[in-house]
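Below you'll find the structure, written out as C-alpha cells, and then a few comments.
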There are 4 protein chains.
Amino acid sequence: MGTARARRGDTRQRIQDVALDLFAQQGYDKTSLREIAEHLDVTKAALYYHFKTKEDIVISLFEDLARPCDELIAWAADRPRTLETKTEVLRRYSEALRDAAPLFRFMQENQATVRDLSIGESFKARMLTMVGLLKEPDAELTDQARCVTALVSLHSGMFAMQNVEGDPEEKRRAILEVALELVTAAHGPGAPQK
Amino acid sequence: MGTARARRGDTRQRIQDVALDLFAQQGYDKTSLREIAEHLDVTKAALYYHFKTKEDIVISLFEDLARPCDELIAWAADRPRTLETKTEVLRRYSEALRDAAPLFRFMQENQATVRDLSIGESFKARMLTMVGLLKEPDAELTDQARCVTALVSLHSGMFAMQNVEGDPEEKRRAILEVALELVTAAHGPGAPQK
Amino acid sequence: MGTARARRGDTRQRIQDVALDLFAQQGYDKTSLREIAEHLDVTKAALYYHFKTKEDIVISLFEDLARPCDELIAWAADRPRTLETKTEVLRRYSEALRDAAPLFRFMQENQATVRDLSIGESFKARMLTMVGLLKEPDAELTDQARCVTALVSLHSGMFAMQNVEGDPEEKRRAILEVALELVTAAHGPGAPQK
Amino acid sequence: MGTARARRGDTRQRIQDVALDLFAQQGYDKTSLREIAEHLDVTKAALYYHFKTKEDIVISLFEDLARPCDELIAWAADRPRTLETKTEVLRRYSEALRDAAPLFRFMQENQATVRDLSIGESFKARMLTMVGLLKEPDAELTDQARCVTALVSLHSGMFAMQNVEGDPEEKRRAILEVALELVTAAHGPGAPQK
DNA sequence: AATGAATGAGCGTTCATTCAT
DNA sequence: CATGAATGAACGCTCATTCAT
C-alpha cells in the first residue's frame, strides 16, 4: 500500500529503470514493450501514455544518463589542451561510464541497432569530440590510435574483463591507468605539459 | 541465362555473401530472410534448402571466416609464451581480423544478439584463450588490463577510427603498434624475452 | 453499428464458437487461425489478444465443455458401485456428450492431433476413470470388453449412425439402451444390485 | 550390399511401410514427406517417382490393406442373411482388422483428415455396407444401434482397451464375443437362424 | 493515468510439389 | 531410379502502435 502509493507518479521513472535493465540484459530488439509492461504490472498502452514510441524510451534514457558526459565535454572545451586536462577528462569520463554502466553496456552491445536510432548520430559525435579533446591537432596516426584505444578501452574494458577476477572498482582503475598511459604517450614531449 | 547458369551450384556461397553484407550493414535482427532472398532473386524457401535456420547462416559464416583465428590459436598453443610469440600472435591476429572484417564488424555491433546465438559462447571462449596467450599467468591487474585493451583495440579500433582520415592499412598498422606496445609493457622485464 | 456494439466484449466467446465449429467440421490441423479470424471479421492478431496460442483455444473449449463430465465423475466417485449407480452414470454421460456434441466429435475425429495437445492426457485419464466406474474390480476380460464397448458406443455411436434415418434424440436413446444392456450384463448376478 | 541389393526395386514397398508406420504413430498431417524420406535415406523427390502425391500413398495403403475387407463383403453379398453368415462375417472382419491394425488405427485417429481424402467416401460406404450385412432390413432403431455398436467396437475396441492388461489376441476375442452377442440379439427370434 | 481491444505488417519456418538433369 | 534446387502458399506467432473509454 505504502509501496503502491510511493509508486504513484513515478511510473515514468519505473519504466525507464525496467527498460534500461532489460535493454542491457537482452538487447533492444529482443526486449518487447509487452515484456517491459509485464515487469511493471501495467498494460502496454500505459507505456504509450508516458512515451510516444519505443525509441523515445531510449532517447529519454540517453538524455538522462549521458548528461554527465556532455557536462564533462563542456567543461573541457574551455580549458587548454594540457596533459593535466586530458588526465582529468579521462578520470571523470571513467567515472561517468561507471555511473551509467547499464546504459553504456546497452550502447556497446547494440551498436547496430543504436546506429539508426536518433541517438546514434549524437553518440558518434560525442565520441569524435572526446577524441578531439585527447589528441593533439596534428597528431600522427599512431598517436591517434593511442587516443582512440584509450577511449575504446574505457568503453569496452569493463565488459571485456568480466571474466577476470577482482573487485570491479579496482578493475576500473586498472583500465583507467592504461588509458592514462596511452594518452600520456600520445601527448608527446613537445606538447604543453601544464 | 549464362548468368543464371553460372549461378547454379554457388547459391549457398551467394547466400553467405549477401547475408554477411546485410548483417554487417543493418544488424542481424533488422535483416530478414525475405530481404536476403530478394537480393538474390530467389524465394525465402530457397534459403531453407541451403540452411536449416537463420542462425545456421551465421554459424556457417563464423565457421568459414573464423577458422584462421582458430588456427592461430592452435599454432600458439604449443609455443613458449615468449614476447616473440606474443608479438607474432598479435600480428597475425590483426591480419585475420582484417581479412574477415565484415564478420567481426557484425559480431562487434551485434553483441547482444550474438550472445544468445550458439556461436556466442565459442566467441567468448576464443577471447579468453587469446587473453591467456598474451598475459603472464600471474600478471597484475594493470597488466591484465593492458592485454585486454590490446585485444579490444584490435577488435574495435578499425571501426572507431573510421572517421580518422588515412589509408585503412596504415590505420591497421598503427593500431597494431599500439597493441604491441601494450603487450610488451605487460610482458615485464622478468619474463622470458625469447 | 448496433451489431458491432453488441459484439464488444463477447469476442472471446465468439472465437470459441467459431473455432469449435470449424475444428469439428474440418479438423484441427486443417483449420487455420486465419480462417477463424476471417469468419469473425477480425485479424489474426486479435485472436492472440484473447488466447495465447492455437492450442489454448482448444484447451479453453475443453475446460468449458467437459466440466459436466468431470462433475459426473466426481458425483459417482462417492457412491457404491451398484448397478443403479452405473445406470445413472451412463444416462447422464450420454446427456453430457449430447450437450457438447461438437467438442466430442472434434476429439473423436482428431485423436492423433489431440494426443499431443495438452488435453490429450486428461482426456485419456477421464476415459480410464469412467471404465473404472462401470466395471467390477475383478471383472473378466469379456466383461471389461462390454464396459469399454458401452463407452465407445456412446462416444462414436452418434457419428456412426449419422446415415441411419430417425430423430437424433431417439437414436441417442437407442444407443444408450444398448450401452445399458452391456453394462448390466457385465455387472453380473453376484454383484450388488442396489 | 546384400541389403542394398535386396532393397532394389522394393522402394515402393518400403515407402509404404514407413509411411504407414509414421501415419499411425503421429497422424497424417503431422507426418511430412521430408520425414518419410529421411527415414528411408532418400530424397523427397524420390517419393514422387513412386507416388504422384502424398494422398496417393494413403490410397495405395488403403487399396493393399483393405482388400481383405472388400473380399469379405463380396463373399457375404451372395449369401443369405442368416445368423450364421453374420457370425462368420464378424469373425473374419475382426481378423482382417487385426491384420491391418496400423492402417485402421490410422483411419480411426485421423477421421477428420481421412474424410476429405478420396478414400474417405469409400471407407464410409464400406461401413454402410457392413451395417447392411448385419442388420435385418426392417430392424428397429435399437437393433440398428446394436449392429452399429458391434462394428464400432471392433474398430475402436483394441485401442480403447490398450490400457487393459492381457494378451492382445485374447482381448480381440473378448471384443469379438461382445460384438457377436450384440448382433445375435439384433438378429431377433423371427429371423432365419440358418 | 491507464486499460481493453484491436490492427497491419512482418517474421522465421514448413510443406507438398515440380522439373531439369 | 533418383537427386539437387527451387517455388508458392500457407502457417503460427509477435511486434509496435492506436484509440475510444
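Letters go in sequence order (proteins before strands), and every chain restarts at 1.
Remark: T11(C) is not in phosphate contact with dA5(E), judged by side-chain N or O atoms under 4.0 Å from OP1 or OP2. Regarding contacts with the backbone of dA2(E), a side-chain N or O of H50(A) is found under 4.0 angstrom from either OP1 or OP2.
Between E63(A) and R67(A), no side-chain nitrogen of the basic residue sits less than 4.0 Å from a carboxylate oxygen of the acidic one, so the salt-bridge criterion is not met. Salt bridge status for R115(B) with E109(A): present, with a side-chain N to carboxylate O gap under 4.0 Å. Using a 4.0 Å cut-off between charged nitrogen and carboxylate oxygen, E38(B) and K44(B) do not count as a salt-bridge pair.
Put simply, CZ on F51(C) is 15 Å from C1' on dA6(E), counting in whole angstrom units. In this structure, Y49(B) atom OH and dT14(E) atom P are separated by 16 Å, rounded to whole Å. Atom pair D10(C):CG and dA6(E):C1' shows a separation of 14 Å (rounding to whole Å applied).
A cation-pi contact, defined as under 6.0 Å to the ring centre and within 45° of the axis, is absent between K30(D) and F23(D).
Using a distance-only test at 3.5 Å, with no hydrogens or angles considered, no donor-acceptor pair links the side chain of D29(C) to the main chain of D29(D).
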Under a 4.0 Å heavy-atom criterion, the protein footprint on nucleotides 9-16 of chain F, written with B, S and -, is --SBBBBB
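Taking the side chain of T43(B) as heavy atoms from C-beta on, and the options dT3(E), dA2(F), dT7(F), the nearest nucleotide is dT7(F).
Counting only N and O atoms by type, the side chains of E35(D) and Q26(D) include a donor and acceptor under 3.5 Å apart.
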